[in-house]
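Source: prediction; values computed, not measured. A, B, ... follow the sequence lines: proteins, then strands. Residue 1 opens every chain.
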Amino acid sequence: MAKTIVQEFTKGLWEEIPPFRLVLGLCPTLAVTKTVENGIGMGLATTFVLVCSNVLVSLLRKVIPAKVRIACFIIIIATFVTVVELLMQAFTYPLFLKLGIFIPLIVVNCIVLGRSEAFAYKRGIIPSFADGLGIGIGFTLALAALGAVREAFGSGTLTIWEKPITLFGPSFEPFTFMVEAPGAFVCLGLMLCLMNLVGNK
Amino acid sequence: MRELIKMVVVLTVLSSFSGGLLAAIRNSTMERIEYQQLTFVKGPAIRAILEGCSNDPIVDRFKIAYDDAENSFFVGVFNGEANTVAFESVGGGFGGDIGVMVGVDLKEDKIVGVGVTTHSETPGVGSKAKSDPTFVNQFKDQPLTGTFQVKTDGGQIDAISGATVTSRGVALAMTQAAKVYEALKPQIAEQLKGFTK
């Protein structure tokens, strides 16, 4: 069953939303979602890489020999990741400091390689673009949601554009467990559970 | 055989394109990245030292080589006259090198301000060199010349209690700064002429 372009785009937002449905790309998902801002920054960086690499892989799919396709994908992805890293250093340096090592690690993010291998290598440019954008925005939304929950309970604030907004009164005791790594797992599990509950109806 | 050649050619072409693109982007962003790093790592200390200046000291900077190292000088313009520079100096502390930003008024050879930029001293003890301005403010208004020493070594500076080694590191950095300043003063003065507006 062939999907329309719109369907290719929207599937990334719900049906195949990466960290929840595909359960891929957990390393950045768990590590950087301490605040909403970090989650969004990481998501947008990944989206950029995803869209660019999908388009380029799809464009070159007739040229790339099947036996070395993974190597070619890695070169393409690594190039765009380095571009993102340089641009972030140049324009959003504080965010770059916070995300640190996780920016170069987008190279080994399974989502990006997975979309190149499973989708863009077999499809045309426009569906690949829609797929990359959909999955990327889905990933961004997921990271932002996870970051919002963790930040709200873990530190009682929501950070948007470097301005933390305090949510609760002064008597609020931060539930610091949520900003630690185990809190990320628990939170992710609960959100998966919630999504399945809603999705099964 | 043809397949093999194709694989090699595709990979080579792809890699060279990637290399070329990255080199181009690196070249075009290098200046901005340096500016950003200066703003966020050394910027706070520079701005505190050159407080009240009418220009952006991170934009108005120049480099002079001394002892195989490039020193960056940040210019402060006061009352329309570029007469103050800030530059960084390094001294060995308790946990590693301490970076100290020194601001100096060229007319009177006087220190206008001192601030610690980077350090790896013990939090709460040696880190006071950065967080508590009373220590570094001792250097203020003193002439930037000769050697600086803490009182236990027979000098003029009160050490931070419990952090003599850190204080010594800062004093060492100041001594080094004085040495650099004395050696480079004519060149600095020459460069500053270009910044007076």
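- Shown here is A/Phe185, whose CZ atom has no more than 12 heavy atoms of other residues, nucleotides or ligands within 6.0 Å.
- Scanning all heavy atoms of the two residues, the minimum distance from B/Gln36 to A/Tyr93 falls at OE1-CB, 3.2 Å.
- Atom NZ of B/Lys185 has more than 12 neighbouring heavy atoms from other residues, nucleotides or ligands inside a 6.0 Å radius.
- In this structure, the separation between CD1 on A/Ile64 and CE on B/Met7 is 13.5 Å, given to the nearest 0.5 Å.
- The local environment of CZ in B/Phe94 is sparse, with at most 12 non-hydrogen atoms from other residues, nucleotides or ligands closer than 6.0 Å.
- Closest non-hydrogen pair, B/Leu21 versus A/Thr79, comes out as CD2-CG2, 3.8 Å.
- Neither the backbone nor the side chain of A/Phe96 comes within less than 4.5 Å of any heavy atom in chain B.
- Heavy atoms of other residues, nucleotides or ligands lying less than 6.0 angstrom from CZ of A/Phe129 number 12 at most.
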Original post:
Please walk me through it: do B/Val10 and A/Val68 pass side chain to side chain contact (heavy atoms under 4.5 Å, CB included)?
Top reply: CA-CA 9 Å; B/Val10 168; A/Val68 289; 5.6 Å; no

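- For the residue pair B/Arg32 and A/Ala90, the shortest heavy atom distance occurs at NE-O, 2.8 Å.
- In this structure, CD on A/Glu85 lies 11.5 Å from CZ on B/Arg26, to the nearest 0.5 angstrom.
- Separation of atoms CD1 (B/Ile25) and OG1 (A/Thr82) is listed at 9.0 Å; rounding is to 0.5 Å.
- Nearest heavy atoms, A/Leu86 versus B/Leu22: CD1-O, 4.4 Å.
- Within a 6.0 Å sphere centred on NZ of B/Lys6, other residues, nucleotides and ligands contribute more than 12 heavy atoms.
- Residue A/Phe153 places its CZ atom among 12 or fewer non-hydrogen atoms of other residues, nucleotides or ligands, all under 6.0 Å distant.
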Original post:
Can you check side chain to side chain contact (heavy atoms under 4.5 Å, CB included) on A/Ile76 and B/Ser18, steps first, answer last?
Top reply: CA-CA 7 Å; A/Ile76 293 171; B/Ser18 151; over 6 Å; no

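- Both the backbone and the side chain of B/Gln37 come within contact range of chain A, with heavy atoms under 4.5 Å apart.
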Original post:
When you look at B/Val13 and A/Val63, which way does the side chain to side chain contact (heavy atoms under 4.5 Å, CB included) test go after all the steps?
Top reply: CA-CA 11 Å; B/Val13 170; A/Val63 187; over 6 Å; no

